[in-house]
Each structure stands twice: as C-alpha cells, then as structure tokens.
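Order of the sequence lines fixes the chain letters, A, B, ..., with proteins taken first and strands second; residue numbering starts at 1 for each chain.
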Number of protein chains: 2
Amino acid sequence: MSLPHALLGLLAVQPRSGYELTKEFEAGDLGRYAWQAGHTSIYPELNRMAGDGLVEVVQEGARGRRTYAVTPAGRSELRSWLLEPPSDTGRVRDVQVLRMFLLSALDPADAVVVLRRIAAATAAEAAELRRIRAENGPPVGIGPAGFGLLAAEFGLRQYEAVNGWALWAIEQLEPAEQPVG
Amino acid sequence: MSLPHALLGLLAVQPRSGYELTKEFEAGDLGRYAWQAGHTSIYPELNRMAGDGLVEVVQEGARGRRTYAVTPAGRSELRSWLLEPPSDTGRVRDVQVLRMFLLSALDPADAVVVLRRIAAATAAEAAELRRIRAENGPPVGIGPAGFGLLAAEFGLRQYEAVNGWALWAIEQLEPAEQPVG
DNA sequence: GAGCGCATGTAATATGTTACATGATTCA
DNA sequence: TGAATCATGTAACATATTACATGCGCTC
C-alpha cells in the first residue's frame, strides 16, 4: 500500500489540502504516470496519517478546508521508504502494457491496427513533452519545486521507448500481414 | 477489471489449468511486466468465465486438474477488447515509478544513491534480455507460440529507457551534490 | 438568490490479498 | 510411508471504486 507515501511525497513538495491532492492525482504528472487515487481514498488516509503523526494540519481555511504538511516523522518515514531496498512485492498492473502483450493473440492485420494506434499516440505524447521541455529551457536544478523536470524527462523517454517498440513490432508483423509482396 | 482478459490472452496461446496460469503469472513475462494475479483470484474467475461461456474445460486430469480453453465467444471478447479504443480508465499504479517521482523529495545525495541503484538494476536486466534475444536468434515470425519476442523486446527497450533516464538524472543532481568542484 | 465549484465525508459494492483448508499423486 | 508438490478452493481482511450526501462561499 503506497498511497500514504505518495501523499507524503506530494506534501513534502508543498503543503496542500485533500482537495488539492485530489486534483494533483487527477491532472498532475504523478497521477498520470505513477499513482492514482480518488478523494474517497485520500480524505480517510489523511485523517489516519494525521493520527499517526505523519502529517499535521497547518492551516484551516474557508469551507472547512484543512491544509496538511509533513511532520518530521513523516519526512523520516518517506526517506526510509525511498532508501530501503526495493523489497519488491512489486505488483505490476498496467492495462496498456497488458494490451501490448496480448497483441500476439490477434491476427497480424488486427495487431498492426492496434500498434499503429499506439505508435501515433506515443509519438504525439512525446512531441508534447518535448515542446514543454523546450519552453522551460534547460534544467538548471532540481529542488523541492516539484517533480516537473524529472517527471517530464521520464515520461518522454518512456513514450519514445514504447513508440520505438511499436514501430519495430509493426515491421515484424507486416511481412505476415502482406505475404504477397 | 482486466484479469479475465489476461486469462483469455494466456489461454488463447494454449489451453492451461488454473494451476499453470498461476505459475505463468508468477514467473512469466506477462506476470512480470503487465499483470499479476494469485490463484485465489484465478480459480473463481475461471469458474465465472466458464459460466459466461468465455472458456470451457477441455480436459480433466489427475488431482481434479481442469484444463481450460478459450471458446469462440471468448476469442471474440478478447479481440474486441484489444481493438476497442483505449477508453482509458487507465489506473496506473506502479510502485517503482512512484519511487522515481518522489526522489525529488530527497536530498540530492540520497537521491543519487537510489538513482545509482536503479541504473545498476536496469542495466543488469537489459543485459539479461539482450543475452536471451541473442540466444534465440533474430525473430522470424510472431505467432500463437507466445508473447516471448514482443515481450522481450518491450522489456528491453523499457529497461534501456529507465536506465538512460537514471543516468541523466544523476548528472543533473551531481552538481548539487558536489557544489565544490 | 441561483448556480457553480470548493471541500469534505460516509455507505455499499467490487476487488484483491492473506491465511486457512483439503485432498491427490508422485517420488524417494 | 513420509515429504514435496500438484491442484483447487473458502473465509477473513484490507483496499479501492462508485454512488450518495452535505454544506460553504463566490460570482453573476
């Protein structure tokens, strides 16, 4: 269960309310590439973590808004979780990757259709990330400002890799698709 | 919920028992990179799918062993699931990727420790996959024999991408780690 | 003052994991 | 005949998703 660590990580960047954390999971890079959660998981978890002393309410605003920040205990917990050996119970579960693996079960013609879609989608995503990177200029430092640079670069390389794989796979399959040259 | 589709995909390659499917998820490429499940999920799901006519028992062996195969209805279901537009409810949840995103929350020195570990691990995995690919020779065709080739290539490119990213990230962080050149 | 978005929560349902449980078969 | 592995299952628990629910505050 990594939700508390994801929350600690986001709060370590800057204090936030449950509502803002929810938005971050919905729209941010972390929610897109790494971990997802809805508000119905986040609110109870924040209360639990506050009870455990990992986070604390640092501000109360309008409409019952409570801004949380990481406590020293929370920071320590996050650090040891990140530094501890992978101890991997690693349950991978990625629908997109599953689809890619199962392509072999399709006729080559069908598989190529899907692969072309993957190639187009990943190329578009990669182009978008390249545009964002160019706009922001070369990275001059990575700090508590956010995951932006590391995340963007990671996403870019990931998309490029999948794109290259899809193009390669299409080449492998096309001879079978068009045996009559 | 993609477990039934993962099962359909594995059974489309060849009929198998619940026990064998469990082993495949434990040790196979699909279980490693794409989707995981334990026997306590698999057995009830197979029974449900048999009730729905997606799979059928084609053989009964010793110790109550039941070998399942995909029915035409199951094949049709798998195909339309693979061809349908991504309709992305895509709930990404990858602990390793989460760790990578949260690195920014660490001191640069700590982050570099973790990144070096990632770089070493991904380099080793990539080397292993390259070795396997070299042993099996160039791919001459992809058929119902399995996910082997597509999977190995996908894994290799994935590991190379993460490796490249980790090395890049180390370079970004090291000036901060050693400000006194 | 009406509507929208902010902000938090509970309850019911689905799903997945861990622990528990059973019995058959093979091999030493 | 004893141990290991095959082979399947149920029950209890933890977790996640969906639906339901409430009320404040801002803006038009």
Practice item. Give me the residues of residues 38-50 of chain B where at least one heavy atom lies under 4.0 Å from an atom of DNA chain C, by number, or none. Key: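 When residues 38-50 of chain B is checked for heavy atoms under 4.0 Å from DNA chain C, the hits, listed by number, are B/T40, B/S41.
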Review point. What residues form a ring-ring contact (aromatic ring centres under 6.0 Å, His included) with B/Y19, not counting sequence neighbours?
Key: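 Listed in chain order: nothing, the list is empty.
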Exercise for review: Please list, chain by chain and in numerical order, all residues satisfying ring-ring contact (aromatic ring centres under 6.0 Å, His included) with A/F154, sequence neighbours excluded.
Suggested key: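 Per chain and number, A/F154 pairs via ring-ring contact (aromatic ring centres under 6.0 Å, His included) with B/W165.
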Distances for protein N/O vs nucleotides 12-15 of chain C N/O pairs under 3.5 angstrom?
none

Review point. Quick one: CG on B/D107 to CG on A/L83, what's the gap to the nearest 0.5 Å?
Key: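 Going from CG on B/D107 over to CG on A/L83, the span is 9.0 Å.
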Review point. For the atom pair OG (A/S41) and CG (A/L21), what is the distance rounded to the nearest 0.5 Å?
Key: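 The CG atom of A/L21 is 12.0 Å from OG of A/S41, to the nearest 0.5 Å.
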**Study point:** Residue whose closest nucleotide on DNA chain D lies nearer the 5' end, A/A37 versus A/G64
**Key:** A/A37
Might you list the N or O atoms of the protein lying below 3.5 Å from N or O atoms in nucleotides 25-28 of chain C, with each pair's distance?
unit_1 : atom_1 : unit_2 : atom_2 : d
C/dT25 : O4'    : B/R63  : NE     : 3.4

Rounded to the Å, how far apart are [X] [atom1] and [N] [atom2]?
| X | N | atom1 | atom2 | answer |
| --- | --- | --- | --- | --- |
| A/L7 | C/dT8 | CG | P | 13 Å |
| A/Q59 | C/dC6 | CD | P | 17 Å |
| A/E26 | D/dA16 | CD | P | 17 Å |
| B/Y19 | D/dT5 | OH | P | 9 Å |
| A/Q36 | D/dT15 | CD | C1' | 15 Å |
| B/R66 | D/dC6 | CZ | P | 17 Å |
| B/E20 | D/dC6 | CD | P | 10 Å |

Is there a donor-acceptor contact under 3.5 Å from the side chain of [X] to the main chain of [Y]?
| X | Y | answer |
| --- | --- | --- |
| B/T71 | B/G53 | yes |
| B/R79 | A/L106 | no |
| A/E20 | A/S17 | yes |

Salt bridge (charged side-chain N to carboxylate O under 4.0 Å, His left out) partners of [X], counting only residues at least two apart:
| X | value |
| --- | --- |
| A/R66 | none |
| B/E160 | B/R130 |
| B/R63 | none |
| A/E128 | A/R131 |

Point to revise | side-chain contact (heavy atoms from CB on, under 4.5 Å) involving A/A166 - partner list, sequence neighbours excluded | key: A/L115, A/I118, A/A119
Check your understanding: Pairs in or reaching into residues 52-62 of chain A: which pass salt bridge (charged side-chain N to carboxylate O under 4.0 Å, His left out), with residues at least two apart or in two chains?
Key -> A/R48-A/D52
Practice item. Tell me whether the OP1 or OP2 atom of D/dG23 has a side-chain N or O from A/R65 closer than 4.0 Å. Key: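 For D/dG23, OP1/OP2 do not have a side-chain N/O of A/R65 under 4.0 Å.
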Check your understanding: If you fit an axis to the five pairs at each end of the helix from C/dG1-D/dC28 to C/dA28-D/dT1, how big is the angle between those two axes, to 10 degrees?
Key -> 10°
**Study point:** Plane angle bin for A/H5 and A/W81 - parallel if under 30°, tilted between 30 and 60°, otherwise perpendicular
**Key:**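 Parallel, since the angle between the ring planes stays under 30°.
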